[in-house]
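These notes are about the structure you will find just below.
Every chain is numbered from 1, with letters handed out A, B, ... down the list of sequences. Since the structure is predicted, the reported quantities are computational estimates derived from the model, not experimental observations.
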There are 2 protein chains.
Amino acid sequence: MTNKDVDSARRGKPATPAEFQVEAFQKCREARRTELMEDYVELIDDLIAQAGEARQTDIARCLGVTQPTVAKMLKRLGDERLVTQRPYRGVFLTEDGKRLASTSRRRHEIVEAFLRKLGVGPEAARNDAEGIEHHVSVETLTAFEHFLRKNPD
Amino acid sequence: MTNKDVDSARRGKPATPAEFQVEAFQKCREARRTELMEDYVELIDDLIAQAGEARQTDIARCLGVTQPTVAKMLKRLGDERLVTQRPYRGVFLTEDGKRLASTSRRRHEIVEAFLRKLGVGPEAARNDAEGIEHHVSVETLTAFEHFLRKNPD
DNA sequence: CATGAAACATAGCCTTGGCAATACATGATG
DNA sequence: CATCATGTATTGCCAAGGCTATGTTTCATG
Ligand SMILES: [Mn+2]
Ligand SMILES: [Mn+2]
Ligand SMILES: [Mn+2]
Ligand SMILES: [Mn+2]
């Protein structure tokens with residue numbers, strides 16, 4: 001549905017308060033489209049840093065999914081020019097992939113540190129941050145950082 | 001993949017730090033499965049409260065999706081015994097639906113109020129809360145509430 | 001250097017959540 | 001009361017993201 005369609009659909013009806021949410025729901029759907037890609041590049045970057053390489057089976061084990069699921073996703077990430085693969089040699093990040101991994105991890109770390117600072121336990125903070133990170137705008141991230149600076153250890 | 005499979009796949013390999021994330025990713029996928037249902041029942045509840053009824057077209061307009069998309073989702077929500085429909089009369093929540101709407105809205109409101117209190121602007125807070133709410137555990141929600149009480153207006 | 005285990009690839013299936021197009025039902029209104 | 005705008009239902013399409021089952025390739029190692 002285009003914005004024009006939305007507008008014309010709205011003609012004649014007063015904007016109900018609930019209607020203000022449209023943009024929020026749209027941003028949410030956009031986040032859903034990209035969050036898996038972010039998790040993948042971040043994880044691949046972690047694995048390369050920790051183990052020297054990122055294999056499909058390692059990625060699958062970390063994510064808790066099967067290897068064919070990973071294989072299909074890696075194809076998508078390859079289409080998006082975020083990763084390259086050398087069979088039996090591992091998965092590698094392109095420059096774009098490294099950039100996305102870096103910004104994603106930074107955001108992820110801030111979110112998790114923020115939750116910890118707020119008093120959330122390590123397991124819940126880890127679990128919640130994994131989902132929350134993808135829905136945090138720059139403005140909110142800045143607020144989190146500000147809170148962290150204002151409450152040093 | 002069963003947990004047993006995961007375990008046996010891990011045999012012989014030292015648990016890398018990245019592996020601790022498995023549970024977080026699993027919880028994330030679970031949240032993705034239910035977040036749309038939560039948004040629907042909450043929105044239906046809002047519309048009934050504000051306009052006296054919740055029509056497919058209203059729901060579609062608020063969500064920014066098309067009417068067939070809403071129709072299909074309502075069928076799912078009906079299967080899950082969360083809503084009932086009377087054609088040309090609107091959508092109604094079952095008792096289960098009302099319960100889910102109520103807990104979802106409470107959580108949603110706390111998340112949004114928390115972001116506002118943290119200094120996030122109204123638009124960003126509204127947009128981010130729409131996504132974040134589905135990934136907030138009870139523990140984190142409690143921490144948010146605690147922060148709100150500790151920082152009254 | 002043969003061979004078997006592990007890694008990888010591929011095919012086929014499923015559900016979810018989108019879309020457009022179209023058909024049908026209802027109710028407001030002239 | 002006939003008509004038509006609106007609301008609803010249905011169909012067919014698509015992409016994403018899961019799965020199992022099965023084939024193929026590599027590589028360690030006996
Ligand atoms: Mn992450
Ligand atoms: Mn994540
Ligand atoms: Mn909500
Ligand atoms: Mn939401």
Side-chain angles (χ1 to χ4, degrees), chain A residues 1-6 8-13 22 25-40 47 51 53-80 83-92 134, chain B residues 1-6 8-13 22 25-26 28-40 43 47 51 53-80 83-92 134:
Chain A
M1 186 155 61
T2 66
N3 283 336
K4 198 163 131 293
D5 291 339
V6 172
S8 62
R10 186 163 40 212
R11 232 192 326 265
K13 276 210 182 181
V22 186
F25 285 126
Q26 283 168 344
K27 282 192 194 302
C28 245
R29 288 196 294 275
E30 172 62 20
R32 283 188 67 145
R33 237 202 47 217
T34 52
E35 60 189 39
L36 248 198
M37 301 195 329
E38 294 171 354
D39 285 337
Y40 265 79
L47 285 172
E53 60 178 13
R55 298 302 193 92
Q56 286 191 13
T57 46
D58 301 330
I59 299 171
R61 188 159 28 85
C62 288
L63 291 174
V65 299
T66 62
Q67 170 265 323
T69 295
V70 171
K72 199 197 287 188
M73 183 50 118
L74 289 177
K75 215 164 286 175
R76 257 193 73 204
L77 295 179
D79 292 345
E80 307 270 355
V83 308
T84 57
Q85 289 189 78
R86 292 166 53 202
Y88 303 92
R89 287 287 177 278
V91 182
F92 306 90
H134 310 284
Chain B
M1 187 156 59
T2 66
N3 283 335
K4 198 163 134 292
D5 290 338
V6 173
S8 64
R10 185 161 43 211
R11 231 191 328 264
K13 275 210 183 183
V22 187
F25 286 124
Q26 283 168 345
C28 246
R29 288 195 294 274
E30 172 62 19
R32 284 188 65 146
R33 237 201 46 216
T34 52
E35 59 188 45
L36 248 197
M37 302 197 325
E38 295 171 354
D39 285 337
Y40 265 80
L43 174 59
L47 285 172
E53 60 175 15
R55 298 302 194 91
Q56 286 191 12
T57 46
D58 301 331
I59 299 171
R61 188 158 28 85
C62 287
L63 290 173
V65 299
T66 62
Q67 171 265 323
T69 296
V70 172
K72 199 196 288 186
M73 183 51 118
L74 289 177
K75 214 164 286 174
R76 259 192 72 204
L77 295 178
D79 292 345
E80 308 271 355
V83 307
T84 57
Q85 288 188 79
R86 293 165 53 202
Y88 304 92
R89 287 285 178 280
V91 182
F92 306 90
H134 310 284

To the side chain of [X], which of [options] is closest?
X	options	answer
A:T57	C:dA7, D:dA21, C:dC19	C:dA7
A:R55	D:dT10, D:dC19, C:dC8	C:dC8
B:K72	C:dG18, D:dT8, C:dC8	C:dG18

Any [X] side-chain nitrogen or oxygen under 4.0 Å from OP1 or OP2 of [N]:
X	N	result
B:K75	D:dT10	yes
B:T69	C:dC19	yes
B:R33	C:dT16	no
B:Q56	D:dA9	yes

On DNA chain C, nearest-nucleotide positions of A:R29 versus B:P87: which is more 5'?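 The residue mapped nearer the 5' terminus is A:R29.
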
As an exercise, state the distance from [atom1] of [X] to [atom2] of [Y], rounded to the nearest 0.5 Å.
X	Y	atom1	atom2	result
A:R86	A:E53	CZ	CD	10.5 Å
A:L63	A:Y40	CG	OH	5.0 Å
A:R29	A:Q26	CZ	CD	5.5 Å
A:M37	A:M73	CE	CE	7.5 Å

Given 3.5 Å as the limit, does a donor-acceptor pair link the side chain of A:R55 with the main chain of A:V91, or not?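 Judged by distance alone, no pair lies under 3.5 Å.
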
Base, sugar-phosphate, or nothing for A:R86, non-hydrogen atoms under 4.0 angstrom?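 No contact at all - A:R86 keeps every heavy atom at 4.0 Å or more from the nucleic acid.
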
Which residue lies more 5' along DNA chain D, comparing A:M73 with B:R89 via nearest heavy atoms: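 Nearest-nucleotide comparison on DNA chain D picks B:R89.
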
Nearest-Å distance, [atom1] ([X]) to [atom2] ([N])?
X	N	atom1	atom2	result
B:F25	D:dG18	CZ	P	11 Å
B:Y88	D:dC4	OH	C1'	14 Å
A:R61	C:dA6	CZ	C1'	12 Å
B:Q85	D:dT8	CD	P	8 Å
B:E35	C:dT16	CD	P	14 Å
B:L74	C:dT16	CG	P	15 Å
A:E53	D:dT26	CD	C1'	13 Å
B:R32	C:dT16	CZ	P	13 Å

Looking at C:dA9, does its base get a donor-acceptor pair with the side chain of A:Q67 below 3.5 Å?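 A donor-acceptor contact between them is present.
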
